[in-house]
Number of protein chains: 2
Amino acid sequence: MSRTAHNPEATRRALLESAAAQIHRLGFQATSLDAILAETGVSKGALYHHFATKRELGLAVVDEVYRTPFLDDWRAGLNQGGDPLTDLLVLLRRKRDQASLCTVQHGCPLNNLAQELAGLDEEFRRRIEAVMRDWRLLIQDALERARQAGLLRPGVDPAREAAFVVAVVEGATGTAKTAQDPQLFADTLATLEEHLLALRLRSA
Amino acid sequence: MSRTAHNPEATRRALLESAAAQIHRLGFQATSLDAILAETGVSKGALYHHFATKRELGLAVVDEVYRTPFLDDWRAGLNQGGDPLTDLLVLLRRKRDQASLCTVQHGCPLNNLAQELAGLDEEFRRRIEAVMRDWRLLIQDALERARQAGLLRPGVDPAREAAFVVAVVEGATGTAKTAQDPQLFADTLATLEEHLLALRLRSA
DNA sequence: GAAAACATACCGAACGGTCGGTTTGGAGTC
DNA sequence: GACTCCAAACCGACCGTTCGGTATGTTTTC
């Protein structure tokens with residue numbers, strides 16, 4: 001952390017990280033700028049030097065904190081070098097095994113924001129949807145590669161299955177958060193894995 | 001509607017309905033009491049005569065507006081008299097066919113509230129989770145009946161599949177809301193239907 | 001059965017705290 | 001000395017909440 005005077009990049013980054021964490025815990029509206037300033041030790045003048053409004057700060061959090069690590073994680077998981085369907089199953093398995101009360105407590109940052117703000121701010125919705133879309137495309141691409149490698153049953157639609165995977169993961173995260181129950185998350189992901197396993201061509 | 005003076009039941013109900021609609025559109029935090037008063041023509045004093053706080057009003061909306069019709073709809077759908085698995089599939093099919101931009105625009109009221117408030121207010125979370133739990137149990141019960149009627153493949157766990165159905169429906173609603181795309185909802189539900197179809201014993 | 005006493009339903013102006021945002025000015029750097 | 005970067009005091013609107021008060025209806029008391 002150790003942010004010293006006149007280190008604009010560090011100041012900006014500290015604000016983004018603190019905002020990201022608080023928005024994840026409390027949502028956008030319930031996150032107060034004062035709390036971010038208290039946590040970072042940054043002054044209000046400095047904050048408004050880097051970000052024009054609270055909204056701009058929030059949008060920057062989506063693009064610069066949430067987006068890249070999330071997509072990178074999935075991209076890396078889906079390009080492990082095994083066959084794409086197996087890579088996907090291993091990735092889901094990993095997510096499932098990592099599910100703890102801590103993980104489940106605050107849910108998925110993007111999904112939280114999307115549900116809170118989709119109806120209130122079109123720009124927020126668009127930015128979040130852009131991440132979701134790229135996420136879907138990563139999975140769709142993996143399934144497409146699996147299909148072209150002859151691993152999938154005929155009739156399997158990569159785009160539709162990708163949308164399904166995304167919906168199930170988001171649904172699992174959301175229901176587990178509401179119930180505060182990691183088991184719910186694990187069970188739902190396990191069922192998804194079974195579903196995906198059944199897409200594999202028997203002869204493959 | 002036609003609320004006249006000294007009709008407390010009507011006044012209370014008008015407040016609940018207006019609040020429910022606005023909370024569905026904007027979320028709890030972004031809903032202002034003044035807007036509810038403007039829409040209903042009720043005075044601020046009258047509102048605070050019926051509800052101690054905004055929070056109490058919101059909790060009452062969950063219990064008295066959202067909960068009952070939602071559970072009744074699913075209960076009725078799952079007790080149509082056909083075999084339980086078919087009833088479930090027909091119900092999902094109906095939900096899928098009814099998906100329009102309008103439906104998808106604001107998402108599921110309960111899911112919206114859950115994602116917005118689960119981390120902020122434990123009592124809200126508990127009340128919403130209670131509805132979700134009853135919903136899961138309705139589906140679990142239907143699948144259990146199907147199992148006992150010998151309709152399901154061995155190894156199918158009604159509780160786990162019920163949790164899966166709930167997660168997929170919530171996930172489908174959420175992703176479709178974020179994308180503002182009814183097709184996403186329909187595709188995801190269709191895939192869920194295929195998954196459930198595969199639970200049926202081949203000889204049945 | 002009328003008046004008194006009370007309860008319920010409702011009114012709306014005003015309060016008070018929060019919080020996003022602004023202003024002003026100063027410190028460091030080129 | 002101009003520009004970036006930041007500090008601290010301050011502003012003002014919004015909004016949930018309060019509260020003194022009115023009106024209508026019901027119960028009690030004589």
No-H, no-angle donor-acceptor pair, Lys44(B) side chain to dT17(D) base, under 3.5 Å: yes
Counting only heavy atoms from other residues, nucleotides and ligands, does the tally under 6.0 Å from CZ of Arg75(B) exceed 12? yes
Counting only N and O atoms by type, is there a donor-acceptor contact under 3.5 Å from the side chain of Arg125(A) to the main-chain atoms of Thr178(B)? yes
Short side-chain N/O contact from His50(B) to OP1 or OP2 of dT8(C), under 4.0 Å: no
Side chain of Ala46(B) - closest among dC11(C), dT17(D), dA7(D): dC11(C)
Quickly work out the Leu57(B) CG to dT17(D) C1' distance and round it to whole Å. 14 Å
Please list all pairs passing the salt bridge (Lys or Arg N to Asp or Glu O under 4.0 Å) test where one or both residues lie in residues 43-63 of chain B, with sequence neighbours left out. Asp34(B)-Lys44(B), Arg55(B)-Asp121(B), Asp63(B)-Arg127(B)
Contact under 4.0 Å: His49(A) side-chain N or O vs dC5(D) OP1/OP2: yes
Take the protein atom CG of Leu47(A) and the nucleotide atom P of dA7(D), then report the distance between them rounded to whole Å. 11 Å
Measure the shortest side-chain to side-chain distance between Val156(A) and Arg200(A) over non-hydrogen atoms and say whether it is less than 4.5 angstrom. no
Length of the CZ-P vector between Phe51(B) and dA9(C), whole Å: 12 Å
CG of Asp34(B) versus P of dG16(D): gap in Å, rounded? 7 Å
Comparing Ser32(A) with Gly45(B), nearest DNA chain C nucleotide closer to 5' gives the residue Gly45(B)
Rounded distance (Å) that lies between atom C1' of dC15(D) and atom CG of Leu37(B): 11 Å
Is there a donor in the side chain of Asn112(B) and an acceptor in the side chain of Lys177(B), or the other way round, less than 3.5 Å apart? yes
Please report, rounded to the nearest Å, how far the C1' atom of dC19(C) is from the OH atom of Tyr48(A). 9 Å
For atom CD of Gln22(A) and atom P of dG20(C), their distance in whole Å: 11 Å
Quickly work out the Leu15(B) CG to dA9(C) C1' distance and round it to whole Å. 12 Å
Does a side-chain N or O from Thr11(B) land closer than 4.0 Å to OP1 or OP2 of dA9(C), or not? no
